[in-house]
Protein chains: 2
Amino acid sequence: MTAKPSRQPTEDRQAEIVLTLLRLAAGRSALDITTSDIAQAMNLSQGALFRHFPTKEAMRLAVVAWIETELLQRLDAARASASSPVDALRAMFLAHVDFFIAHPGVPRFIFGELQQADRTPLKERVRELMARYRERLAAVLDAASAAGLIRPGTDHAAAAALFLGAIQGLVIQSMVSGSVDGMRAQAEAVFGLYVQGLEAQP
Amino acid sequence: MTAKPSRQPTEDRQAEIVLTLLRLAAGRSALDITTSDIAQAMNLSQGALFRHFPTKEAMRLAVVAWIETELLQRLDAARASASSPVDALRAMFLAHVDFFIAHPGVPRFIFGELQQADRTPLKERVRELMARYRERLAAVLDAASAAGLIRPGTDHAAAAALFLGAIQGLVIQSMVSGSVDGMRAQAEAVFGLYVQGLEAQP
DNA sequence: CTTGCAAGTGAGTGATTACTTACTTGCAAG
DNA sequence: CTTGCAAGTAAGTAATCACTCACTTGCAAG
C-alpha cells in the first residue's frame, strides 16, 4: 500500500501534506493532529516536514487556501449550471453538502480554526472565505428578488444566515452521529423546507 | 477584585471550577484551557484543583452536566409559557439564543467536545443532550401538526434539523465576527423566515 | 485546648510536542 | 566522473501539560 519512491520535490510534498492533514482531520480534531501523525501517514520522518513548511501553522494555512479554492470553484460551477436563481440556490446548497461528504475533514478543520480565540492570520483567512461565500449568496438572492421569485420584503441577511445554518446543522449532526449516511437525502429535505419559506406564493 | 476567603468546601469549589471553565471558554477553545489557567482565574494553586476533581476530563463532564440542566430547564420553561405550539417554537428558539448570549462559552465548549473523534464518555454525554433536545422539538412539532398549524406533509426530521441549524448558524456567525452584537435581532429575523416555511397557509 | 481532617501549597515528574541540527543520500547538470 | 544541492534522517531540545506527593494550615467538634 505504501512504498512511495521517496525523494519528491517540495511542491508535491506540500500538496501531499495538505491532503494528508485534511484526511486525518476527518477522524479527529485538526488541532490534535501532530506533525508526527502527518509524517507517519506519509511514510516520512517528522523532521522532513519542516523542509517543506516552516511551521505547522503554515501547513494549516495551506489547507485553508486549498479549501477556499475548491469550495468556491464548486459553488460557482453549481450556480453557473442552474437555470434560475432559486435553482442556483439549490445547486449551491447541494454542491456544498457534496463537498463535505467527499471531504469530511473540511468542516472539522474549519470549526477547529474558528474556535481559536485571537486574531490569528488563520482565523482571518477563514473569515475572508466566509465573506466571499456570503457575497455569492447575496448576489443570487438579489437576482431571485429581481426576478420576483422570492417574497417581497424578505430579509436577505437572514436568508443567507439560514442558508449557512442549514448546512452547518447538517454538518454538526454528522459530527454527532459520526457518519454521513443519509446526509444527502436529508440535505434535500432541509433545503426544500428552507426554500418554502423563501419562495413567492403562486 | 480578588481576595477570596480561601478555604472552601469541595462542593462550592466544584461549582466554581465549572463556571470558571465556562467563562474562560468564551475566549478560547475549551481544550486549550489548561488547569493552570483555571487555577489562576480562581486564585488557587494548580494542584488544588485535583482535590475537587480527579481529572480534567471530570471537570469537563461536570460542565456538560451543568449545561444540560440549565439549557433543558430554559427550554421547558419557554415551552410552558407559550400559548400555542408555533409560539412554543419561537419561545424555545429565543430562549436558546438568549442562553448562549448570556453564556458565550457554552457553544464553544460543546463544539470542542464534538470535534473529539472517539467514543469518549464526554462526547456521548453531549450526544444525549442533543437527543433530549430533539425529543422536545419533536413533541412540539407533533402538537403543531395535530393542531393544523403547520403544512401537512412537513418532514419533522428536516424541520428539527433546520431549527437546530438556524441556531448553530447564528452561533458560528458570532464566532466568526467575535461578537454577539445584534444577535438577538437577527435571531428573530431568522426564526421568522424559518417559521414561514413551516406554517400552514391561511 | 487539642486534635483530626479537609483544603491548600509548591516543587516535582514523565509524557508529549513543535521545531532544530548535524549528518547523509540521491539526482541532474557541467 | 564529480560535484552541488534539494530532500531525507535521527537524535536532540526547550517548553508545556496533566497529575502527584510531601508537607502545611485553618476550622470545627469533642
Side-chain angles (χ1 to χ4, degrees), chain A residues 2-21 24-25 27-64 109 112-113 115-118 120-122, chain B residues 2-21 24-25 27-64 109 112-113 115-118 120-122:
Chain A
T2 56
K4 275 278 171 62
S6 297
R7 199 57 75 93
Q8 285 190 289
T10 284
E11 198 170 281
D12 293 1
R13 285 297 196 201
Q14 284 177 339
E16 196 182 352
I17 289 170
V18 165
L19 291 179
T20 303
L21 186 41
L24 293 177
R28 48 190 180 291
S29 166
L31 292 166
D32 292 350
I33 297 168
T34 68
T35 50
S36 295
D37 292 333
I38 301 171
Q40 195 174 350
M42 290 174 65
N43 284 333
L44 216 59
S45 74
Q46 187 231 7
L49 295 183
F50 293 92
R51 296 260 172 242
H52 310 298
F53 284 108
T55 64
K56 192 183 175 188
E57 192 185 19
M59 300 177 201
R60 298 204 313 238
L61 214 69
V63 171
V64 176
F109 189 92
E113 297 304 333
Q115 264 171 344
Q116 227 65 0
D118 337 325
T120 133
L122 244 159
Chain B
T2 55
K4 275 279 173 59
S6 296
R7 199 58 75 95
Q8 285 190 288
T10 283
E11 199 171 280
D12 294 1
R13 284 298 196 200
Q14 285 177 339
E16 196 183 353
I17 289 171
V18 165
L19 291 179
T20 302
L21 187 41
L24 294 177
R28 48 187 181 291
S29 166
L31 293 166
D32 291 350
I33 297 167
T34 67
T35 51
S36 296
D37 293 334
I38 301 171
Q40 194 174 350
M42 291 174 65
N43 285 333
L44 215 60
S45 73
Q46 187 230 7
L49 295 183
F50 293 92
R51 295 260 172 242
H52 311 298
F53 284 107
T55 64
K56 192 184 175 188
E57 192 184 20
M59 300 177 201
R60 298 203 314 237
L61 213 70
V63 171
V64 176
F109 188 91
E113 297 304 333
Q115 265 173 344
Q116 228 65 359
D118 336 326
T120 131
L122 246 160

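First the proteins, then the strands, lettered A, B, ... as listed; each starts at 1.
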- Query: Closer than 4.0 Å, any side-chain N/O of B/S36 to the OP1 or OP2 of D/dC17?
  - Reply: no

- If you take all heavy atoms of B/E16 and B/T20, which pair is closest and at what distance? O-OG1, 2.7 Å

- Of all the choices, D/dC19, D/dG8, C/dT9, which nucleotide is nearest to the side chain of B/A48 once you look at every atom? C/dT9

- Of all the nucleotides listed (D/dG26, C/dT9, D/dA18), which has the minimum atom distance to the side chain of B/K56? D/dA18

- Paired with C/dC1 by Watson-Crick or G-U wobble geometry, both distances under 3.5 Å: which nucleotide is it? D/dG30

- Nucleotide nearest B/F50 (side chain, heavy atoms from C-beta), chosen from D/dA18, C/dG8, C/dA18: D/dA18

- Item | Closest contact, heavy atoms only, A/G112 versus B/Q115 | N-NE2, 2.8 Å

- Query: Once you round it to whole Å, what is the distance between C1' of C/dG10 and CD of B/Q40?
  - Reply: 15 Å

- Item | Separation of C/dG10 C1' from B/Q46 CD (nearest whole Å) | 10 Å

- Side-chain donor/acceptor of B/Q14 to backbone N/O of B/H52, under 3.5 Å: yes

- Query: Where is the tightest heavy-atom contact between B/F50 and B/T55, given as atom of each residue plus distance?
  - Reply: CE2-CA, 4.2 Å

- Message: As a test of reading the structure: which of D/dT20, C/dG8, D/dT9 is closest to the side chain of B/R13, going by heavy atoms?
- Response: C/dG8

- Message: If you compare all heavy atoms of B/R13 against all heavy atoms of B/R7, which two are closest, and at what distance to 0.1 Å?
- Response: NH2-N, 4.2 Å

- Message: Tell me the closest heavy-atom pair linking B/K56 and B/T34, and the distance in Å.
- Response: NZ-CA, 4.2 Å

- Message: How many whole angstroms separate atom CE of B/M59 from atom P of D/dC17?
- Response: 14 Å

- Once you round it to whole Å, what is the distance between P of D/dT16 and CG of B/L31? 19 Å

- Task: Would you indicate, yes or no, if C/dG10 has its OP1 or OP2 atom less than 4.0 angstrom from a side-chain nitrogen or oxygen of B/S45?
- Result: no

- Query: Roughly, in whole Å, what's the span from CD in A/E11 to P in D/dA6?
  - Reply: 15 Å

- Task: Quickly work out the A/L49 CG to D/dA10 C1' distance and round it to whole Å.
- Result: 14 Å

- Note on the structure: Answer for the Watson-Crick or wobble partner of C/dA6, both distances under 3.5 Å, is D/dT25

- B/D12 CG to C/dA6 P, in whole Å, measures 16 Å

- Message: At less than 4.0 Å, is any side-chain N or O atom of B/H52 found next to OP1 or OP2 of C/dA6? Yes or no.
- Response: no

- For DNA chain D, whose closest nucleotide is more 5', that of A/G47 or that of B/D37? A/G47

- Query: Mapping B/L44 and A/P54 to their closest nucleotides on DNA chain C, which lands nearer the 5' end?
  - Reply: B/L44

- Atom CG of A/D32 and atom C1' of C/dT16 are separated, to the nearest Å, by 12 Å

- Pair of N/O donor and acceptor under 3.5 Å linking C/dA7 base with B/Q8 side chain: no

- Task: Report the residue (A/R51 or A/T34) whose heavy-atom-nearest nucleotide on DNA chain C is the more 5′ of the two.
- Result: A/T34

